Amino acid sequence: MRESGRHLCVVGVQWGDEGKGKIVDVLAADFDVVVRYQGGANAGHTVKIGAKQYVFHLIPSGIVQDGKHCVIGNGVVIDPEALIAELDDLKRGGLHREESISISDRAHVVLPYHRVLDAVREKSSGSGRIGTTLRGIGPCYTDKASRCGIRMADLIDRERFARLLRANLEVKNRELAALYGEKPLEYEPILRDYSAFAERLRPRVRDISKLLIDEEARGARILFEGAQGSLLDVDLGTYPFVTSSNTSFLGLGAGTGFSPRKIGRVLGITKAYSTRVGEGPFVTELLEETGEYLRRTGGEYGATTGRPRRCGWLDLAAVRYAIAFGDVDALVITKLDVLDGLSEIRVSVGYQQGGKAVEAFPPHFQPPPEPVYRTLPGWKQPTSGCRKLSDLPMETVDYLQFIADGCGCPIAMVSVGQERDAMIRLDRPIAPRERSGK
Ligand code: IMP
């Protein structure tokens with residue numbers, strides 16, 4: 001079944017920001033439909049075409065390619081104001097694509113009280129804070145699980161929305177006052193603003209499960225785009241320092257109403273090094289000059305919040321874990337060119353604690369394990385002009401082979417710059433050799 005499936009899922013196998021936006025944009029050329037299935041406006045997917053740079057938060061990155069049907073699944077939480085701002089931005093950039101977008105009637109809506117609650121919960125958590133993007137994501141998913149959420153189908157039904165908003169706001173205002181000493185939010189302005197958002201988005205709202213099943217039946221090729229990264233998965237990531245959705249391939253079925261059994265291939269995206277934003281364990285983090293080099297050279301600042309990203313060496317234990325539970329078939333290595341200036345490159349092949357190897361990826365990181373490093377020679381040459389494997393320096397190919405071996409997973413593509421064409425597509429993937437990464 002998997003081999004014959006024509007649909008593809010692209011996910012991050014680190015903590016997000018792996019460069020999925022560019023990869024989805026490039027791959028979308030071969031697909032008819034591009035789908036987001038989880039997360040919300042916390043995501044920031046950057047696509048650079050010539051002098052133009054687009055940053056998408058809610059709209060699938062496939063939108064830049066002409067003629068693609070872009071779909072936002074029920075697993076996404078939608079901030080309608082952010083979505084409309086993104087649609088307007090596209091228009092300003094000359095891309096009149098609003099009619100190519102479909103939004104699930106079952107997707108939950110992010111409301112102003114979610115954003116306020118996100119901020120006050122973070123503020124009151126002190127050292128236990130997550131470092132969220134403050135986009136209201138956690139509180140919105142909380143309401144979904146608590147069964148008091150408001151969905152797109154509710155938003156576009158004026159009476160229903162007015163009733164649900166009134167009931168929800170009353171409870172949220174009590175929580176804001178009693179727990180956080182915050183002022184109540186007013187009902188009327190929210191009703192007015194969200195009714196206007198509903199008018200704009202109504203024509204785009206539909207049953208996405210049916211849409212995808214129908215697309216499949218007519219022979220369409222569907223590309224699914226995971227947001228964030230697998231290690232931010234609420235169930236399997238570095239909990240509690242995670243986002244509130246299922247970010248790996250495993251989130252696809254529940255987030256769309258389309259069976260994951262129909263997906264042919266899962267591509268896992270990893271940078272040639274590691275980054276994460278916000279709090280949480282990061283075993284290979286570099287707090288010195290090399291970390292600063294990676295941040296500066298890789299432009300490692302959040303696409304959504306502008307926060308400087310924490311940077312470090314590639315962590316193969318983490319990537320292997322994400323590949324295993326996320327059923328990843330092949331890897332795409334991004335930002336390889338960022339390492340061009342380094343004379344030595346380290347890779348963590350596993351963790352140890354008190355001198356003993358840590359076998360399984362831990363459910364928490366207290367006490368923190370230490371990385372087990374291998375040091376490889378750098379190549380000290382520019383790679384951003386390389387388009388074939390044979391263009392790369394020998395040390396670079398060795399580095400890629402080391403990753404494939406250490407992950408036990410083939411590498412299908414390598415990205416060496418921001419532009420669409422800064423890409424090495426491997427007709428013959430770099431296959432892992434017999435276990436030699438450790
Ligand atoms: P939230 O998703 O805003 O609740 O944030 C929870 C955690 O996920 C924080 O550490 C965020 O920095 C992180 N996060 C959320 N979205 C992204 C993303 O798109 N890239 C990287 N980190 C993210």
Side-chain angles (χ1 to χ4, degrees), residues 10-24 36-47 54-61 75-79 82 86 108 110-111 113-125 127-145 225-248 251 255 268-271 273-282 285 295 298-312 315 318 322 334-335 365:
V10 172
V11 294
V13 288
Q14 297 175 300
W15 289 276
D17 309 317
E18 296 92 349
K20 295 179 293 294
K22 171 186 160 173
I23 305 301
V24 168
R36 263 282 298 273
Y37 57 87
Q38 45 66 234
N42 50 349
H45 295 160
T46 308
V47 179
Y54 301 93
V55 181
F56 301 111
H57 302 287
L58 280 159
I59 298 176
S61 312
V76 175
V77 290
I78 298 176
D79 179 334
E86 225 168 291
H108 281 247
V110 176
L111 284 134
Y113 50 76
H114 292 133
R115 285 192 296 269
V116 175
L117 281 166
D118 201 355
V120 294
R121 283 179 189 165
E122 278 285 276
K123 211 167 113 198
S124 68
S125 299
S127 60
R129 59 194 274 279
I130 309 289
T132 75
T133 59
L134 304 178
R135 296 298 188 270
I137 305 300
C140 185
Y141 278 114
T142 302
D143 281 1
K144 173 178 176 173
E225 174 185 3
Q228 287 85 42
S230 304
L231 299 168
L232 287 175
D233 185 281
V234 65
D235 282 284
L236 296 152
T238 49
Y239 192 89
F241 303 99
V242 292
T243 189
S244 300
S245 60
N246 289 117
T247 52
S248 81
I269 319 295
T270 172
K271 279 181 196 167
Y273 52 97
S274 304
T275 64
R276 93 172 279 178
V277 225
E279 308 303 317
F282 186 176
E285 182 168 16
R295 184 157 35 252
E300 297 294 355
Y301 296 88
T304 300
T305 59
R307 289 182 289 178
R309 295 178 184 143
R310 299 158 65 194
C311 298
D315 179 344
T334 59
K335 296 189 122 173
F365 285 71

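Read the numbers this way: they start at 1 and go in the same order the structure lists the ligands and their atoms. Remember, predicted model here, so these are calculated numbers, not experimental data.
Open room surrounds OH on Tyr239; 12 or fewer heavy atoms of other groups in view lie less than 6.0 Å from it.
When the ring-ring contact (aromatic ring centres under 6.0 Å, His included) test is applied to Phe282, the partners found at least two apart in sequence or on another chain are Trp15. Listed by chain and residue number, Lys172 satisfy the salt bridge (charged side-chain N to carboxylate O under 4.0 Å, His left out) test with Asp143 (two or more places apart in sequence, or in another chain). Take Arg129 and apply the salt bridge (charged side-chain N to carboxylate O under 4.0 Å, His left out) test, not counting sequence neighbours, and it matches Glu279.
Side-chain contact check for Thr132 and Arg121: no donor-acceptor pair (N or O, by modelled atom type) lies under 3.5 Å. Using modelled atom types and a 3.5 Å distance limit, the side chains of Arg307 and Thr305 yield a donor-acceptor pair.
For ligand 1, the protein residues within 4.0 angstrom (heavy atoms only) are Trp15, Asp17, Asn42, Ala43, Gly44, Ile130, Gly131, Thr132, Thr133, Gln228, Leu232, Val242, Thr243, Val277, Gly278, Arg307.
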